[in-house]
Amino acid sequence: MNESVQITNLRVVRNGKIILPDLTMSVERGIVAGLLGPSGSGKTTIFRSIVGVQEAESGTITVLDRPSGAKELRTKIGYFTQSASIYSDLTCLENLHYFARLLGDTEISVEEILDLVDLRRNRKQIASSLSGGERARLALATALLGKPELLILDEPTVGLDPVLRRDLWDLFHRLSDQGKTLLISSHVMDEADRCDVLYLLRDGKVLANGTPQGLKEQTGKADMEDVFISLVEKL
Amino acid sequence: MSIRRIWATAQRILSQLRHDPRTIALMILAPCLLMTILKYVYQDQPQVFQRVAGSLLGVFPMLVMFLITSVATLRERTSGTLERLLILPISRLEFILGYAMAFGIAAFIQAVVVSTVALGPLGLRINGSQIMLILIAILDALLGMAIGLFISSFAKTEFQAVQFLPAILLPQLLLSGLLAPRESMPIIFQWIANFLPLTYAVEATKSVISGVGSIGTDLLYITVFLVALLSAGAVTLKRKSK
Ligand SMILES: Nc1ncnc2c1ncn2[C@@H]1O[C@H](COP(=O)(O)OP(=O)(O)OP(=O)(O)O)[C@@H](O)[C@H]1O
Ligand SMILES: [Mg+2]
């Protein structure tokens, strides 16, 4: 299949609250896809559903030609959780080594990734003493281990400085050039222009999707922020 | 099942302990201190020290591992690392065996030090072997770990997890025959105690100390509880949440 993620009529209800009423969306392979939407619109819930930790009431999710949560997918998806899921009482290297060993990844790859996220100076530092941005980069590093085909990144650039943010977006595009699919959430609209395809989300529904250029033409706005506002007002 | 992943997990947990030297010191020194106090509290009744100190050798590792495991696994649940691990190529069994291996090693070190202090300077006399005593201590520690792992899934906060110690383990301790002989208890208590793992932990240490009675059945019961509780613990490690 040409899609790396295919979600059909997904309905998620948590504690009696309808989070995703009836979601259908698909993500092509080898692109950088952006999931944009205000806080509480359901971005994290969609990601949790894709990686297979969120129970659904109905609907189907196919990830890399397998049902989500399938065993074969466990080495193929890298997941960056919104609240960095790392061991704060271990050093950066110890964290990376542990995840690398679970994934059967090599020492060389750990060293490469350390440079990729620019944490070489912090390698021996205990994770709890890292700054917010450093913590995020460590979590990103663990998501990159094992050379996953699909990267699910839940707000990976929050709290990072502009230079590092640019570097990371360059990295994301290099990875997609290698054929990997990246699904990245953000509620910073100015990051939208860096995505190949966008999904604008509100209240668990996709308001619109398409290329950044296409969405701008469709709404006649020059700025992503205005695109979103005009789409919401049209409802 | 992969030994590599189990060992990686055990090493990771031991590294976490290593970064927390105060916990290690408390794990080893607190039981030694309590043994010493016990010795001098009962200096006029050495037979009480003989009776209680031996059983405590088996009870300490259980209490300590119970606490450490329930807090550690609760942290894994709340920090999101557990959910993260469960979508990686590690099975729930491997995860649990990783914990068992790490805490088994910690319990071994604790048991060697504490039993050596008790048998040496404190003059505890046993008819069985020290090696047997250490073996029982390790099994007890794993039992404590298994209870902690299982129980932690019922706790939402670390406060709650810690409160399970008086709620779950202390009643067992009272019923186990550690303080008062079981024969003198109401028959209903004796009957209930038959279904509590700690009873067998205390019985086994008592047998090693007195040198009478068979340890085999006690060890068998402890192992059965251990396997049952670990399986129950594995079930609570849910991949999907509502
Ligand atoms: N366990 C839960 N019980 C009830 N409602 C929940 C639960 N978890 C999340 N929600 C609700 O689901 C909605 C979507 O949450 P989600 O975390 O997916 O949003 P998000 O788009 O990732 O937001 P943010 O940008 O703030 O991270 C929110 O309104 C949230 O309050
Ligand atoms: Mg979110």
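Computation of the quantities below employed the complete heavy-atom set of this structure, encompassing side-chain atoms and omitting hydrogens, waters and symmetry-equivalent molecules. We name chains A, B, ... by the order of the sequence lines, and we start the count at 1 in each one.
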Rounding to 0.5 Å, atoms CZ (B/Arg18) and CG (A/Asp89) come to a distance of 11.5 Å
Rounded to the nearest 0.5 Å, the CG atom of A/Leu102 sits from the CG atom of B/Leu88 at a distance of 6.0 Å
Rounded to the nearest 0.5 Å, what separates atom NZ in A/Lys71 from atom OG in B/Ser91? 7.0 Å
With a 4.5 angstrom heavy-atom cut-off, is it the side chain or the backbone of B/Ser2 that approaches chain A, or both, or neither? neither
Sort out for me which of B/Glu94, B/Arg4, B/Lys238 touches chain A most, counting heavy-atom pairs under 4.5 Å. B/Arg4
In terms of heavy-atom contacts, does CD1 of A/Ile18 have more than 12 from other residues, nucleotides or ligands at under 6.0 Å? no
We want to know whether A/Tyr79 and B/Arg84 form a side-chain donor-acceptor pair, criterion being a heavy-atom distance below 3.5 angstrom. no
Can you tell me which portion of B/Leu82 sits under 4.5 Å from chain A's heavy atoms? Options are side chain, backbone, both or neither. neither
Can you tell me how far apart CD1 (B/Ile90) and CZ (A/Arg101) are? Round to the nearest 0.5 Å. 11.0 Å
Bottom line for A/Thr142: the part with an atom under 4.5 Å from chain B's heavy atoms is both
Sequence-distant partners of A/Glu57, side-chain hydrogen bond (donor to acceptor under 3.5 Å, both in side chains), two or more places apart: A/Arg11
Hey, what do you get for OG1 (B/Thr81) to CG (A/Leu90), rounding to the nearest 0.5 Å? 10.0 Å
What pairs with B/His19 under side-chain hydrogen bond (donor to acceptor under 3.5 Å, both in side chains), at least two apart in sequence or on another chain? A/Glu94
Assess whether atom CD1 of A/Ile108 is packed by more than 12 heavy atoms of other residues, nucleotides or ligands within 6.0 Å. no
Heavy-atom count check: over 12 atoms from other residues, nucleotides or ligands less than 6.0 Å from B/Ile131 CD1? no
Best-contacting candidate, B/Glu83, B/Glu76, B/Arg75, against chain A by heavy atom pairs under 4.5 angstrom: B/Glu83
Please check if atom NZ in A/Lys76 has more than 12 non-hydrogen atoms from other residues, nucleotides or ligands closer than 6.0 Å. yes
Which pair of heavy atoms, one from A/Arg48 and one from B/Ser241, lies closest together, and at what distance? NH2-OG, 2.7 Å
For A/Tyr98 and B/Thr9, does a side-chain donor sit closer than 3.5 Å to a side-chain acceptor? yes
Testing the basics here: between B/Ile87 and A/Val51, what is the closest heavy-atom pair and its distance to 0.1 Å? CG2-O, 3.8 Å
Chain B heavy atoms under 4.5 Å from A/Leu73: which part of the residue, side chain, backbone, both or neither? neither
Surrounding OH of B/Tyr221 (heavy atoms of other residues, nucleotides or ligands, distance under 6.0 Å), is the total greater than 12? no
Between B/Gln11 and chain A, which part of the residue has a heavy atom less than 4.5 Å away: side chain, backbone, both or neither? side chain
With chain B as the partner, which of A/Glu55, A/Arg74, A/Gln54 has the greatest number of non-hydrogen pairs under 4.5 Å? A/Arg74
